[in-house]
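Submitted below is the structure of interest, expressed as structure tokens.
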Number of protein chains: 2
Amino acid sequence: MIKIILFDDNRNICDSIGLLFSTIDDMILVASYHNVEDVVDKVRKANPDVILMDIDMSGITGIEAVRRLRSKNISIPVIMLTGFEDADKVFASICAGANGYILKSANMNELVGHIKDVHNGGAPMTPIIARKVLDRFVKLQAAPHPEEDFNLSKREDQVLQLLVKGKSYKMIAEELNISYETVHSHVRRIYQKLQVNSVSEAVSKTLSLRFWGTTS
Amino acid sequence: MIKIILFDDNRNICDSIGLLFSTIDDMILVASYHNVEDVVDKVRKANPDVILMDIDMSGITGIEAVRRLRSKNISIPVIMLTGFEDADKVFASICAGANGYILKSANMNELVGHIKDVHNGGAPMTPIIARKVLDRFVKLQAAPHPEEDFNLSKREDQVLQLLVKGKSYKMIAEELNISYETVHSHVRRIYQKLQVNSVSEAVSKTLSLRFWGTTS
DNA sequence: AAATAATTCACCATAATTGGTGATTTCTGT
DNA sequence: ACAGAAATCACCAATTATGGTGAATTATTT
């Protein structure tokens, strides 16, 4: 038997969800609230297996509620009910520690499946939401080479990549089969182009760019 | 009518998927291949609406195939067929630009739904895969300090953060109001704990960890 | 063919980092 | 109160990095 608690300030939603669970054998709605005042206490008292949470309530939002639960080390899975697919709110929920993201408009049969999913450690979400998450994920991962951004030559880029790996001038010289002084030359020009004056700055700038697409 | 092309080196899978589409009215399997040689040409010729791609084939992998398609600006949605839920391969696929991620073991009815999903711009994935993506997503946003991972003390972490910013020992000493030699001491212990022996390595390790959640 | 950029190398001097050893004081948990 | 960790500082020696200047050779582009 999966115990469920619901937070949603829309009475209609609450009613229809209540109705739903009355027809499901292995799930039970143990409590439902129209706001998230004292959410931590309420959840502790009800001790549910899954929490359904409206993403956007008047007063304290569902996002903030999740944050509060997680900050108290309450790791009960939370499914966010999104009124429409608001990407920013979903991302905020993800960072707050919510588990699943579904549309209120989703039909109720799906909701039952989603509850089983989070109960099994999954993160159910609609494909459109997933697409948005992936788009942002890819943006974060995309690793632009500084070559393009700073007009580094091929060789300069090679040297920079080795500096990033923590190699010394001497090691780079060996690896590229050029003299120490040539490495020195390349590094000088790299520093000029990157507007830095130490390896650490160069590495930092390179990796920051690679990771976040910006150096600021 | 949704035109579908399949790449999978497992003959059984190919057969069962072929069988599936013969029973679906509005979908048609226009071609299927057991490898991804000349994937770009094959896709251009078949001009499908959706591509089904085994994530891990002998020779050129499905991941590489997606990369090649995307590099030629072919943006036809791709659903990756994952043998088991290998997180790293899924992440690689995401970065390569694939759209959906489903288990080969998923029953075929689901596959039909997933094809409709990607065809509508969504990114269908199993809840478990979604969970893993979200976990990594949160890690990216949360930028963990290496303090926890390497047992750095408070002061050591401060020093490391300044090294990451490209500061010299002297600058760090000024900023923290301690002597140059103290900075030197901290750096020594940091190197020992991070198992490195230069700033660039330390910076690299720190930023890699911050971003990927791993240093390998 | 000429101009420009890229790659290569060298010498010099100064500054910064790295590693070793040792030691004192302050903080923290028991 | 005591043990152990954290933070502080110092001296020494060797290595490495940085910045300046200059220059030759090879590619690339116009």
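Lettering of chains follows the sequences in order, A, B, ..., and the numbering in each one begins at 1.
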Categorize A:Tyr180 for me: base, sugar-phosphate, or nothing, with a 4.0 angstrom heavy-atom threshold over every strand shown.
base

Pi stacking test for A:His184 and D:dT18: under 5.5 Å apart, planes under 30°:
yes

5'-most contact on DNA chain D: A:Arg189 or A:Leu163, nearest heavy atom basis?
A:Leu163

What's the verdict on salt bridge (Lys or Arg N to Asp or Glu O under 4.0 Å) for B:Glu174 and B:Lys170, showing C-alpha distance, side-chain angles and the deciding distance?
CA-CA 6 Å; B:Glu174 272 188 22; B:Lys170 205 186 279 183; over 6 Å; no

Side-chain-base donor-acceptor pair under 3.5 Å for A:Ser185 and C:dC9:
yes

Determine whether a donor-acceptor pair (N or O, by modelled atom type, separation under 3.5 Å) exists between the side chain of A:Asn99 and the backbone of A:Val78.
yes

Atom-pair distance (OH on A:Tyr169; C1' on D:dT15), nearest Å:
13 Å

Electrostatic pair B:Asp117:A:Arg131 at N-O distance under 4.0 angstrom:
no

What contact category does B:Ser168 fall into here, base, sugar-phosphate, or nothing, at under 4.0 angstrom with non-hydrogen atoms?
sugar-phosphate

How long is the line joining NZ of A:Lys167 and P of D:dA17, in whole Å?
13 Å

Rounded to the nearest angstrom, tell me the gap between atom CD in A:Gln158 and atom C1' in C:dT8.
14 Å

Under 4.0 Å between a side-chain N or O of A:Tyr191 and OP1 or OP2 of D:dG19?
no

Side-chain N or O of A:Ser179 closer than 4.0 Å to phosphate OP1/OP2 of C:dC9:
yes

Counting distance only, does the side-chain N/O of A:Asp49 pair as donor-acceptor with the main-chain N or O of A:Lys3 below 3.5 Å?
yes

Check for a donor-acceptor pair, side chain of B:Tyr169 on one end and backbone N or O of B:Glu181 on the other, with a separation under 3.5 Å.
no

Is there a side-chain polar atom (N or O) of B:Arg155 under 4.0 Å from OP1 or OP2 of D:dT8?
yes

For a quick test of reading the model: is some side-chain N or O of B:Thr182 closer than 4.0 Å to OP1 or OP2 of D:dC9?
yes

Heavy atoms within less than 4.0 Å of DNA chain D: which residues of residues 195-203 of chain B have one? Give them sorted by number.
none

B:Thr82 side chain to B:Ile102 backbone, donor-acceptor under 3.5 Å:
yes

Just verifying a value: how many Å separate A:Met80 CE and A:Asp56 CG, rounded to the nearest 0.5 Å?
9.0 Å

Does B:Lys154 put a side-chain nitrogen or oxygen below 4.0 Å from OP1 or OP2 of D:dA6?
no

Test log, rule side-chain hydrogen bond (donor to acceptor under 3.5 Å, both in side chains), inputs B:Arg155 and B:Gln158:
CA-CA 5 Å; B:Arg155 208 51 158 173; B:Gln158 279 177 24; 2.7 Å; yes

To the nearest angstrom, the CG-C1' distance between A:Asp157 and C:dA6 comes to 14 Å

Whole angstrom value for the distance that separates P of C:dT8 from CG of A:Asn177:
10 Å

Taking the side chain of A:Arg188 as its heavy atoms from C-beta onward, which of C:dA10, D:dT8, C:dT8 lies nearest to it?
C:dA10

Are any side-chain N or O atoms of A:Lys165 and backbone N or O atoms of B:Ser204, one a donor and one an acceptor, separated by less than 3.5 Å?
no

Would you mind reading off the distance between B:Ile178 atom CD1 and D:dA10 atom P, rounded to a whole angstrom?
12 Å

Using atom NE2 of B:His186 as one end and atom P of C:dT17 as the other, report the distance to the nearest whole Å.
15 Å

Quick one: which protein N/O atoms are closer than 3.5 Å to N/O atoms of nucleotides 28-30 of chain D? Pair and distance per line, please.
none

More than 12 heavy atoms from other groups under 6.0 Å of NZ on B:Lys116:
no

Can you tell me if B:Lys205 uses its side chain to pair, donor with acceptor, with the backbone of B:Leu194 under 3.5 Å?
yes

For atom CD of B:Glu181 and atom P of C:dG20, their distance in whole Å
15 Å

Return the CZ to CD distance between A:Arg189 and A:Glu156, rounded to the nearest 0.5 Å.
5.5 Å

To the nearest 0.5 Å, what is the distance between OG1 (A:Thr61) and CD1 (A:Ile55)?
8.5 Å

Rounded to 10°, the helix from C:dA1-D:dT30 to C:dT30-D:dA1 deviates from straight, judged by its five-pair end axes, by 70°

Under 4.0 angstrom between B:Lys170 side-chain N/O and C:dA16 OP1 or OP2:
yes

